[in-house]
2 protein chains.
Amino acid sequence: MAEDEAGLTVAQMTAATGVSGHTLRYYERAELIRPVARNSGNQRRYSSADVEWLKFLLRLRETGMPIAQMREYAQLRERGSVTTEPRLRLLEAHQAGLRRQIARLRAHEKALAGKIATYLDDLAALQSQQEKGSEDD
Amino acid sequence: MAEDEAGLTVAQMTAATGVSGHTLRYYERAELIRPVARNSGNQRRYSSADVEWLKFLLRLRETGMPIAQMREYAQLRERGSVTTEPRLRLLEAHQAGLRRQIARLRAHEKALAGKIATYLDDLAALQSQQEKGSEDD
DNA sequence: GTAGAAGTTAGAGTGCGCTCTAAGTCAAAC
DNA sequence: GTTTGACTTAGAGCGCACTCTAACTTCTAC
């Protein structure tokens, strides 16, 4: 008995998602991922549904959602379609936060662009001074 | 001797920037802020230049710059106008990263909006089923 | 001049999200 | 059948950015 109960190994999951084996197991302990199917040798075999779910989690993570809230969402999901509404509300709240975050970052980017512009002016001034000083070197 | 060497107290600095006294002292230890002027009783008095610098640091922080890199920038700044060029390069690199971050977040926001739309469809379907089931309650 | 708020220091503690260790089991190639 | 390497577990450790503690001093208001 060996390569039974088809599905992705931990290493294949890492290749597919960029998430390390350590972190995959951590997410399972943290209840972000339901207990994964095992082969006859007790090794994890991830389904394509597991891959999709993890990719969704990564989206939430990259947009700053804390583990605790991802777990909350995961637990609602486990309870099926009766929790559709609270899950929707959770996502809508997250979306609103995300939009605020994007707006803030855009404002910061604009301010940074302004600062960079004054630096470029400063540099131009410094360089024209240097040219004056070394006109006949 | 008391209210000499005018400037903002720690509490006033907190009011002006939202940064706690503990964190202000931490930033000084971390060399993000140069040793602040003291009054005759050894208490900190922040100048308006200190306020501006801190606000700039907060911008960098909010855009995800780590403390170590902020310190690097601060140390270049301490060395005066000879470091204008490296500081400019640092800011330009940060701006490029920030733009990538904004683009990523916008893509995530779009995907999230799609997910929310399918949830809304699911909910509408569930609700019309419920209506059917309870037509003559 | 005295109470209470606000400041000082060095250093310990916290929360988050991993990340690694140790000791062992299992699988595939030779 | 043995080596090599991926896998398993429970639990310890880490890096970051604070955040707080304890013991003490100073300032402000009365």
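Just so it is clear, the structure is predicted and the values come from calculations on it, not from any experiment. The sequence lines fix the lettering, A, B, ..., with proteins before strands; numbering per chain opens at 1.
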Comparing A:Val10 with B:Gln43, nearest DNA chain D nucleotide closer to 5' gives the residue A:Val10
Does any N or O in the side chain of A:Thr83 come within less than 3.5 Å of the main-chain N or O of A:Pro86, such that one atom is a donor and the other an acceptor?
no
In whole Å, I'd like the distance from the CZ atom of B:Arg38 to the P atom of D:dT25.
16 Å
Under 4.0 angstrom between B:Thr9 side-chain N/O and C:dG7 OP1 or OP2:
yes
Counting only side-chain nitrogens and oxygens, does B:Asn39 get under 4.0 Å of the OP1 or OP2 atom of D:dC27?
yes
Just call it for B:Arg25: base, sugar-phosphate, or nothing, with non-hydrogen atoms closer than 4.0 Å on any strand.
base
Less than 6.0 angstrom from the centroid, inside 45 degrees of the normal: does B:Arg77 satisfy that with respect to the ring of B:Trp53?
yes
The complete set of salt bridge (Lys or Arg N to Asp or Glu O under 4.0 Å) pairs with one or both residues in residues 48-72 of chain B, sequence neighbours excluded, reads A:Arg104-B:Glu62
Report all interatomic pairs (protein N or O, nucleotide N or O of nucleotides 17-24 of chain D) with separations under 3.5 Å.
from: D:dA17; atom 1: OP1; to: B:Ile67; atom 2: N; distance (Å): 3.4
from: D:dA17; atom 1: OP2; to: B:Ile67; atom 2: N; distance (Å): 3.4
from: D:dC18; atom 1: OP1; to: B:Arg61; atom 2: NH1; distance (Å): 3.1
from: D:dC18; atom 1: OP2; to: B:Tyr27; atom 2: OH; distance (Å): 2.7

Could you check how far CZ of B:Arg44 sits from C1' of D:dT25, rounded to whole Å?
14 Å
Would you say the side-chain atoms of A:Ser81 and A:Thr84 include a donor-acceptor pair closer than 3.5 Å?
no
Verify, without hydrogens or angle tests, whether A:Gln12 (side chain) and A:Thr9 (backbone) share a donor-acceptor contact under 3.5 angstrom.
yes
For B:Arg106, does the CZ atom have more than 12 heavy-atom neighbours from other residues, nucleotides or ligands under 6.0 Å away?
no
